[in-house]
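Just so it is clear, the values below take in all heavy atoms, side chains as well, and ignore hydrogens, waters and symmetry mates.
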Amino acid sequence: MEPRRYRLFVAVLCRLLALLLLPAPAMAASNHIAAELIAPAAVAAGEETTLAIHMRPAKGWHGYWTNPGDAGLGMQLDWSLPEGASIGEPQYPVPHTLVVSGLMNHVYKSDYAVLVPFTPPADAAPGSRLPVRVKAQWLACTDEICVPERAELATEVVIGGSAPTDARFAEWMRRLPAPLDAPATMAITDKSLRLAIPLPASVELTAPHVFIEQDKLVDYAAPQTFARRGDLLLVTIPRARFAAREAGTVGGVLKFDDAGNGVFFIARPGEVPTGGEVIASGGDPVLPALPWLLLAALAGGLLLNIMPCVFPILSLKALSLARAGESEAHARIEGLAYAAGVIVACLGLGGALLILRAAGEEVGWAFQLQEPLVVVALLLLASAITANLLGAFEFAVPGFVAGRSPRSYTQGAFATGLLAAFVATPCTGPFMAGAMGAALLLPVMPALALFAALGLGIALPFLAVAFVPALRRRLPRPGPWMNGLRRAMAVPMGLTALALVWLTWKIGGPWFLAGALIFTLLVLAALTGAGLAQRRGKRALPAALLAVFAAIAGLFLLPRPDPGAAQVESVLDTRPFSEAALTDARASGKPVFVYMTADWCLTCKVNEEIAIERKETKQAFEKAGVVVLRGDWTRRDPEITRYLTAHGAAGVPLYVWYAKDGTAEKLPQVLTPALLAAKAGS
C-alpha cells in the first residue's frame with residue numbers, strides 16, 4: 001500500500017473508532033488524559049474573557065493539536081452556554097512532532113491548556129454565576145495504542161466580584177504562539193507549499209518546524225527546508241502525495257525551538273522570493289553513511305589516546321605495556337581483555353545515554369561526570385589506585401599488580417579497560433564529535449555500533465602491541481626496574497586524584513569536598529591497614545571490607561552539593577550562556593563568541609589556558625566589541641544540552657563564532673590565540 005494511503009487509512013480508522021465508541025458512557029476519572037474546564041476569577045458583563053480546558057496526559061500518553069497530522073483526532077467540543085453568551089475558536093499551545101512508523105503526528109506529551117474566548121451576556125447581573133458546560137471528545141494515545149475518550153466538563157463564570165486571579169492563566173497565555181504582526185505570503189504548486197514569513201534575523205531558530213492548520217495540504221512527515229533572506233524566513237514543505245487539497249489562505253504555527261516558543265501566521269497568495277541562506281531542515285538530518293561514521297568513531301577513539309583528557313590513565317597503560325613483554329600468550333590475553341573492557345564500558349555509557357535521552361532527559365556525552373557522587377567515586381578510586389601503585393597494599397584486580405595466571409591477567413586487563421574508558425571519555429576530540437553527535441540521532445543498533453567503534457579505537461594501541469611481535473620486541477624486558485616504574489606511575493595517578501579534589505570542590509562546594517576528603521582518608525587508612533596485614537602474612541580481608549564499607553557509606557552520607565559554590569573568574573568579559581542571552585547578543589549587531597566548557601574536560605581547560613584566557617585575546621575582543629557567552633556544562637543544563645545537540649555535538653568543548661551579519665561558524669576543537677584574534681579582526 002502506498003505510504004500516503006496507509007496514513008490516510010490509519011487516520012480514517014481512528015475517526016471511525018471515535019465515532020463508534022465515544023457514545024458509550026465513560027467516567028472522566030478513567031481517562032488517560034484528565035480534563036478540567038476552568039474559568040477566570042471574575043469578568044465584566046459583555047466583555048470577552050478566556051476559558052481554559054486544562055489537559056493532563058498520564059505518563060506515556062499524549063493528546064493532539066487541532067490538526068493531528070497523519071493519524072490521530074483533534075478535540076471536538078459541544079458547548080452549552082447561558083442565553084446571550086458566545087464562544088470563540090479554541091487556541092492551542094505550540095505542539096511537538098512525533099514520528100511513529102513513518103507517520104508524523106502533532107502532539108502534546110505533558111500538561112497543556114486549550115484556551116477558548118468567551119463573552120458573557122451584556123445584561124448579566126453583577127455577582128451572578130453563569131453555568132458553562134461542554135461535552136469534550138478527544139483521542140488519547142501512546143506510541144502503540146489509541147483510546148477515544150470523553151468528558152462532560154462544567155464551570156461557573158462569576159460576573160464582577162473581587163476573587164483572586166488564577167496565576168495559571170498567565171502561564172497558559174504565554175505558551176500560545178504569538179500572532180505574527182506582519183502578513184505572510186504563500187505559493188502553492190503541485191509539488192510544494194512555499195511560505196515567506198516575516199521574522200527578524202535576530203530570532204534564534206534551534207529546532208524550527210511549521211504546523212499547517214489545513215488538513216491534507218502538505219506531507220507532514222516530509223523534511224521542511226528553512227532559509228533566511230534578511231528579515232524574511234523562507235519555508236518549503238512538500239505537498240501531500242495523496243488527494244492533496246487546495247487552500248486560498250494557509251494558517252499555521254512556526255515553532256522556534258523545543259521549549260515551545262513560536263508564532264501563529266496566516267499566509268495569503270503573494271510573492272515568495274527564492275534563494276536565501278539555508279539554515280535548517282525540519283526533517284531527519286542528513287547524516288554521513290554509517291561506514292564513514294564508524295571510521296570517524298574509530299579514529300576519534302584512537303586520537304583520545306593522545307588527548308589531554310586521557311593523560312590521567314597513562315599510568316595504567318604504561319604498566320600493562322611494560323608487562324606485555326613477559327610472554328606472547330599473556331600479551332594477547334591482556335590485549336583482548338583490555339579491549340573488551342574498553343568496549344563494554346563505551347557500550348554501557350552509550351546505552352545509558354540513549355536510555356536517558358529516550359526518557360526525555362537533556363543529557364549528552366560524559367553525562368556521568370555531571371553527577372557529584374560519580375566524581376567522588378572516581379576520587380576514591382583514583383586515591384586507592386595511587387596507594388596501590390605506591391605499594392601501600394596489593395590487589396590483583398584490577399590488575400595493577402596481577403599474578404601470573406591467565407585468569408589474573410584477564411581480570412586485571414578487563415578491569416583496567418573499564419576504568420580507562422570511563423575516565424578517558426569526558427571530552428570529545430577530532431572525528432569523535434561528529435560521530436557521537438550522530439549516535440544521538442540514529443536508531444539504537446547503529447548508535448551502539450558507533451559507541452563500540454569508539455571503544456575499539458581507544459583500545460587499538462594495546463591490541464597492536466598484543467598481536468604485532470615487532471612492537472612487543474621493542475618493549476624493555478621485565479625486571480626489577482618495573483617496581484620503580486610502578487612507583488613513578490603513582491605520580492600522574494596522584495595528580496589525577498588532586499584534579500578530582502579540585503573538581504569535587506567546583507561541582508559541590510567546600511562542605512561537600514570536606515565530606516569527600518574525610519571518607520577518602522578513611523578508605524586510605526583501611527587500605528593501608530590491609531597492606532600491613534598482607535606484609536605480616538595475616539588476613540587482609542577485614543580491613544579491605546572496611547575500606548569498601550567506608551567508600552559506600554561516604555556516597556550516602558555526604559552533605560548536599562552546592563552547585564553555586566564556585567565563582568567563575570575570567571580575563572574576558574564573559575556572560576553566562578542562555579538561549580535568551582544569545583538572541584540578545586546576536587541582535588546587538590556585534591560579533592558573538594560562544595564557548596561550551598566543563599570543569600572536568602581537560603581539553604576545554606587546555607584551550608582556555610592557551611587561547612581563550614589570554615591578554616592578547618582580551619585586547620582583540622575588546623577592540624572588535626565581541627560579546628562572549630560562556631556555557632558551563634559541569635553540571636547538567638538542558639539549555640546547553642539543546643544547543644550542543646543543535647550543532648551536532650554530543651559533548652564539550654564546542655566553540656561557535658557568530659559574525660556581525662549573523663552567520664554562524666563552528667570552530668575547531670583545538671584553538672589557537674591566532675585563530676580567535678583573526679576572527680575578531682575579520
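We find the CG-CG distance between L667 and L676 to be 7.0 Å, quoted to the nearest 0.5 Å. Atom-to-atom distance recorded for L217:CG and D215:CG is 9.0 Å, nearest 0.5 angstrom. For the atom pair L98 CG and Y64 OH, the distance stands at 7.5 Å (nearest 0.5 Å). With rounding to the nearest 0.5 angstrom, the CD1 atom of I87 is 9.0 Å from the CG atom of L77. For the atom pair K59 NZ and S110 OG, the distance stands at 13.5 Å (nearest 0.5 Å). Here I237 contributes atom CD1 and H209 contributes atom NE2; the two are 7.0 Å apart, rounded to the nearest 0.5 Å.
Residues that satisfy the side-chain hydrogen bond (donor to acceptor under 3.5 Å, both in side chains) test with R129, not counting sequence neighbours, are E156. Residues forming a side-chain hydrogen bond (donor to acceptor under 3.5 Å, both in side chains) with Y655 (at least two apart in sequence, or on another chain): N607. Residues forming a salt bridge (Lys or Arg N to Asp or Glu O under 4.0 Å) with R174 (at least two apart in sequence, or on another chain): E171. Residues passing the salt bridge (Lys or Arg N to Asp or Glu O under 4.0 Å) test with R268, sequence neighbours excluded: none. Residues satisfying the salt bridge (Lys or Arg N to Asp or Glu O under 4.0 Å) criterion with E246, sequence neighbours excluded, are R239. The salt bridge (Lys or Arg N to Asp or Glu O under 4.0 Å) search around R575 returns none, not counting sequence neighbours.
Nearest heavy-atom pair, A267 versus L195, reported as atom, atom and distance to 0.1 Å: CB-CD2, 3.9 Å. Between A585 and V627, the closest heavy-atom pair is CB-CG1, 3.8 Å. The minimum heavy-atom distance linking V218 with I212 is given by the pair CG2-CG1, 4.1 Å. A pairwise comparison of heavy atoms in A122 and A45 identifies O-CB, 3.7 Å as the closest pair. For P120 against V43, the heavy-atom pair with the smallest separation is CG-CG2, 4.1 Å. Annotation for I159 and A124: closest pair CG1-CB, 3.8 Å, computed over non-hydrogen atoms.
Distance alone, capped at 3.5 Å, is enough to place a donor-acceptor pair between the T189 side chain and the K191 backbone. The closest donor-acceptor contact from the side chain of N31 to the backbone of A151 lies at 3.5 Å or more, if one exists at all. Side chain of E149 to backbone of H32: a donor-acceptor contact under 3.5 angstrom is found. A distance-only check finds no donor-acceptor pair linking the side chain of Q224 to the backbone of T236 [under 3.5 Å]. Panel note: side chain N261, backbone F256; no donor-acceptor pair is recorded below 3.5 Å. For the pair R229 (side chain) and A196 (backbone), a donor-acceptor distance under 3.5 Å is absent. Judged by distance alone, with hydrogens and angles left aside, the side-chain atoms of Q214 form no donor-acceptor pair with the main-chain N or O of A247 at under 3.5 Å. Under the 3.5 Å distance criterion, the side-chain polar atoms of D257 are left unmatched by any main-chain donor or acceptor of A207. Although no hydrogens or angles enter the test, the distance criterion places a donor-acceptor pair under 3.5 Å between the side chain of T185 and the main chain of E271. Judged by distance alone, with hydrogens and angles left aside, the side-chain atoms of H62 form a donor-acceptor pair with the main-chain N or O of C141 at under 3.5 Å.
The pair E152-R133 fails the salt-bridge criterion, with no side-chain N (NZ, NE, NH1 or NH2) lying under 4.0 Å from an Asp/Glu carboxylate O. Taking a cutoff of 4.0 Å between a charged side-chain nitrogen and a carboxylate oxygen, K255 and D258 qualify as a salt bridge.
For the pair L199/L254, a side-chain contact is recorded, criterion being any heavy-atom separation below 4.5 Å from C-beta on. Side-chain contact between F577 and M596 is present, with at least one heavy-atom pair separated by less than 4.5 Å. For the pair Y658/E665, no side-chain contact is recorded, criterion being any heavy-atom separation below 4.5 Å from C-beta on. Contact annotation: the side chain of T50 never approaches that of P40 to less than 4.5 Å [non-hydrogen atoms, C-beta and beyond]. L233 has its side chain within reach of F226: a pair of non-hydrogen atoms, C-beta onward, lies under 4.5 Å apart. Contact check for T119 versus T49: no side-chain heavy atoms found under the 4.5 Å cut-off. The shortest side-chain heavy-atom distance between P177 and F211 does not fall under the 4.5 Å cut-off. Residues L654 and Y595 form no side-chain contact, since every pair of their non-hydrogen atoms from C-beta on lies 4.5 Å or further apart.
Centroid-to-centroid, the aromatic rings of W657 and F621 come within less than 6.0 Å.
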(message) If you apply the rule side-chain contact (heavy atoms from CB on, under 4.5 Å), what do you find for L73 with Q137, and how did you get there?
(response) CA-CA 9 Å; L73 188 67; Q137 303 175 359; over 6 Å; no
(message) Working note: L582 + V592, criterion side-chain contact (heavy atoms from CB on, under 4.5 Å); need CA distance, chi angles, decisive distance, verdict.
(response) CA-CA 8 Å; L582 178 59; V592 182; 4.2 Å; yes
(request) Could you please spell out the steps behind the side-chain contact (heavy atoms from CB on, under 4.5 Å) verdict for W138 and M55? (result) CA-CA 10 Å; W138 63 87; M55 309 292 287; 3.8 Å; yes
(message) Run V235 and T225 through side-chain contact (heavy atoms from CB on, under 4.5 Å) and show every step you take.
(response) CA-CA 6 Å; V235 187; T225 302; over 6 Å; no
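In this structure, W65 and H106 have perpendicular ring planes: the angle between them is above 60°, well past the 30° mark. Ring planes of W172 and F169: perpendicular class, angle over 60° (limits at 30 and 60°).
Within a 6.0 Å radius of CG in D573, other residues, nucleotides and ligands contribute 12 heavy atoms or fewer.
Counted by atom type alone, N105 and Y220 present zero donor-acceptor pairs between their side chains at under 3.5 Å.
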